[in-house]
> 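What follows is a single structure, and I will ask about it in a moment.
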2 protein chains.
Amino acid sequence: MERIVDPIRSGDLHQAIQDRIKRVIIDHGYQPGDALPAETELARILGISRGSLREAMKSLQTLGVVETRHGFGTFVGQFSFEPMINGLTFQILVSRETMPRAIRELLDLRQVLETALMPRVTEAATAPQLEQLELLVARMEASAARGRQFVDEDREFHEVLYRPLGNDLIIQLLRAFWDIFSAVGQESSRRTILLGETAGQHRDILNSIVAHQGQAAAAAMSVHFAGALAWVPLLEHDQSETMASGSRRR
Amino acid sequence: MERIVDPIRSGDLHQAIQDRIKRVIIDHGYQPGDALPAETELARILGISRGSLREAMKSLQTLGVVETRHGFGTFVGQFSFEPMINGLTFQILVSRETMPRAIRELLDLRQVLETALMPRVTEAATAPQLEQLELLVARMEASAARGRQFVDEDREFHEVLYRPLGNDLIIQLLRAFWDIFSAVGQESSRRTILLGETAGQHRDILNSIVAHQGQAAAAAMSVHFAGALAWVPLLEHDQSETMASGSRRR
DNA sequence: ATTGATTTGTCCGTATGTATC
DNA sequence: AGATACATACGGACAAATCAA
């Protein structure tokens, strides 16, 4: 028999319910992936209606604290930047006024971070990783020769780069930034990108890593982002319609 | 007379509702502070019940997309990292198994980013900023001499550093990381911190900036984080109880 | 493969507290 | 102070999805 918690009577019930749910998770020692009590029982335990409980659950769900599966149950969530991606993407899209500025800041941050990581990447590089990067760059060059985009290869290149660093947080964060950039830039004019030049920049980065020259790799990465940053001002006079939804579940 | 949107019949209604609300905000050009239609009318427009609408609203409210004022109305809100900080902090705290790893990766990321920013900081430094930093370091040294913590000064030091860069995203992100680190470390043993050494590291950073030596400032910042990273392993054998709620509204 | 039990998803109706005018 | 509009919360009911026997 579960203990029934004192009813909540103060003002901010919604936040209080969220805290109590979190308290239940911690006190019971639930780990990510573990199932929570059913909604009806949890509502009974907390002494609130099921509707109020569900509203609090939806908030926790958007934060990634819990995950719900229709007809199955509610579970403790895994760490993820996904809620941040959706929120940040929307923030950028809401005000077209400040959108170019936000994109510029985003690219600026990526430039600082990825450039700074290149010496480490050069040190930690592995043989299979370099083969994979070589394949991706070759595909980029082939696409560029045919005048086609290579967004997926670009994304994968930057992700494969940082895998051997042993820092999942960095990988997740950079992936989140990429998703934001992708979602915002999706509806914008992409034809202004110089395909051959972009492919060549990735080639330069890879060559420097293979040659085990961290400083040169950092310089090449910096050049790569400088090119992207130069493209941003073209956004300012763009009237394209944009998606209301952020990036979807993967 | 508002147009009634086609009812949603597919699977993930919850996410679809959020997207439609966001779509309404973007399409109507609502800006932060503007009032949204009342719940009953919005539910009618979207062709859903008030209960489902409220659940979606609570999610958007959590992300800061909308703000509700009891008895008055619902308004477009200012986006903030804060709710996500609470969510991410909770998720780090919840799994004690992987917590030290998450903290280590977080500090590692901060070390890379903040070290890489130091040359820029040195370039962009302003006179009033340096005065502020000088005051903060002096307060740190005074506290250290008396054996007291200086968490607030530490936080403010790192925040003031990056203000002249003109990149709000970097400031918001670093503040979010600091909050997570602070919330996690709050319940842990803090007595192992070497106060005088930490204060001295901040002094070294400031001196290098004043001397306009970006490389030296970067080195000093790197040393600062190396000290913090060395402290992480002590977390692994810590059995302290943790709070269910993250940091509160400021 | 069908049935049955469990759980989340959605809806309706109603009552209450709250802020604005 | 009264009236009105609004968000908040509750309870019950049915639908849809999932899993296990």
Side-chain angles (χ1 to χ4, degrees), chain A residues 1-2 4-21 24-25 28 30 33-77 248-249, chain B residues 1-2 4-21 24-25 30 33-77 249:
Chain A
M1 191 60 178
E2 294 281 352
I4 296 182
V5 182
D6 321 85
I8 306 163
R9 287 281 165 259
S10 68
D12 197 355
L13 179 60
H14 182 68
Q15 187 64 38
I17 293 176
Q18 287 189 45
D19 288 348
R20 295 212 167 186
I21 296 172
V24 166
I25 293 174
H28 284 60
Y30 291 134
D34 289 354
L36 264 60
E39 284 182 353
T40 50
E41 185 171 345
L42 203 48
R44 184 183 58 80
I45 293 173
L46 297 180
I48 57 175
S49 72
R50 196 181 153 220
S52 300
L53 176 80
R54 279 183 59 80
E55 288 178 4
M57 281 297 212
K58 284 300 170 190
S59 288
L60 294 178
Q61 189 181 345
T62 57
L63 294 177
V65 173
V66 300
E67 292 177 1
T68 59
R69 295 183 216 169
H70 190 173
F72 190 26
T74 308
F75 306 85
V76 180
R248 290 299 192 162
R249 309 207 143 266
Chain B
M1 191 58 178
E2 294 279 352
I4 296 182
V5 183
D6 322 83
I8 306 163
R9 285 285 164 258
S10 69
D12 197 353
L13 178 59
H14 180 69
Q15 188 64 39
I17 295 175
Q18 286 190 46
D19 290 347
R20 294 209 168 188
I21 297 172
V24 166
I25 294 175
Y30 290 136
D34 291 352
L36 265 59
E39 281 185 354
T40 51
E41 186 171 344
L42 203 48
R44 184 182 59 80
I45 294 174
L46 298 179
I48 57 176
S49 71
R50 280 190 59 227
S52 300
L53 177 78
R54 280 182 58 80
E55 288 178 5
M57 279 300 209
K58 284 299 176 188
S59 288
L60 295 177
Q61 185 181 351
T62 303
L63 293 175
V65 173
V66 301
E67 290 177 1
T68 58
R69 288 159 67 181
H70 191 170
F72 191 28
T74 308
F75 306 84
V76 180
R249 311 206 141 271

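Chain A is the first sequence line, chain B the second, and so forth, proteins listed ahead of strands; every chain is numbered from 1.
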> For E41(A) and dT8(C), what is the distance between atoms CD and C1' respectively, to the nearest whole Å?
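Whole-Å distance recorded here is 15 Å.
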
> Should the side chain of H70(B) and the base of dT18(C) be counted as holding a donor-acceptor pair, with the cut-off at 3.5 Å?
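Result: no qualifying N/O pair found.
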
> Name the residue from V24(B), T68(B), V66(B) that meets the side chain to side chain contact (heavy atoms under 4.5 Å, CB included) definition with L36(B).
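Of V24(B), T68(B), V66(B), side chain to side chain contact (heavy atoms under 4.5 Å, CB included) with L36(B) is met by V66(B) alone.
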
> Between C1' on dG9(C) and CZ on F72(A), what's the gap in Å once rounded to a whole number?
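Rounded to whole Å, this separation is 16 Å.
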
> For the pair made of CG in L36(A) and P in dT7(C), what is the distance, rounded to whole Å?
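Going from L36(A) (CG) to dT7(C) (P), I get 12 Å.
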
> How close or far is atom C1' of dT10(C) from atom CD1 of I48(B), stated in whole angstroms?
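Answer to the nearest Å: 10 Å.
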
> Side chain of S49(A) only, please: which of dT18(D), dG9(C), dG11(D) is the nearest?
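Selected nucleotide (nearest to the side chain): dG11(D).
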
> Please tell me if S52(A) has a side-chain N or O lying less than 4.0 Å from either OP1 or OP2 of dC10(D).
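Checking dC10(D) against S52(A), a side-chain N or O does come within under 4.0 Å of OP1 or OP2.
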
> Both R69(A) and L53(B) contact DNA chain C. Which one's nearest nucleotide lies toward the 5' end?
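Here R69(A) is the residue nearer the 5' end.
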
> Within the structure, does a side-chain N or O atom of T40(A) lie under 4.0 Å from either OP1 or OP2 of dT7(C)?
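Negative; the distance criterion is not met.
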
> Grab the CD-P distance between E67(A) and dT8(C) for me, whole Å please.
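For the pair E67(A) CD and dT8(C) P, the rounded distance is 14 Å.
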
> Mind checking whether Y30(A) and H28(A) have parallel, tilted or perpendicular rings, split at 30° and 60°?
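Answer is parallel, since the angle falls under 30°.
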
> Do R50(A) side-chain and dG9(C) base share a donor-acceptor contact under 3.5 Å?
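For R50(A), whose side chain was compared with the base of dG9(C), there is a donor-acceptor pair (under 3.5 Å).
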
> What is the separation between atom CG on L42(A) and atom P on dG9(C), rounded to the nearest whole Å?
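Value for this atom pair: 13 Å.
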
> Carefully, step by step, assess E41(A) and I45(A) under the rule side-chain contact (heavy atoms from CB on, under 4.5 Å).
CA-CA 6 Å; E41(A) 185 171 345; I45(A) 293 173; 4.1 Å; yes

> So, taking the atom named CG in L63(B) and the one named CD in Q18(B), what distance separates them when rounded to the nearest 0.5 Å?
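Rounded to the nearest 0.5 Å, the CG-CD separation comes to 7.0 Å.
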
> Closer than 4.0 Å, any side-chain N/O of T74(A) to the OP1 or OP2 of dT8(C)?
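For dT8(C), OP1/OP2 do have a side-chain N/O of T74(A) under 4.0 Å.
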
> Any idea which of dT8(D), dC6(D), dT7(C) is nearest the T68(B) side chain?
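Per side-chain heavy atoms of T68(B), the pick is dT8(D).
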
> Just call it for G51(A): base, sugar-phosphate, or nothing, with non-hydrogen atoms closer than 4.0 Å on any strand.
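Answer is nothing: G51(A) stays at 4.0 Å or more from every strand.
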
> Restricting to non-hydrogen atoms, name the atom on T40(A) and the atom on R50(A) that form the minimum distance, rounded to 0.1 Å.
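Heavy atoms of T40(A) and R50(A) come nearest at CG2-CD, 4.0 Å.
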
> Please confirm whether the shortest side-chain N or O distance from R54(A) to OP1 or OP2 of dG9(C) is below 4.0 Å.
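Answer is yes, contact under 4.0 Å.
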
> Can you measure F75(A) atom CZ to dA17(D) atom C1' for me and round it to whole angstrom units?
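Roughly 13 Å, once rounded to whole Å.
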
> What's the CD-C1' distance between E55(B) and dC11(C), to the nearest Å?
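Rounding to the nearest Å, CD of E55(B) and C1' of dC11(C) are 11 Å apart.
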
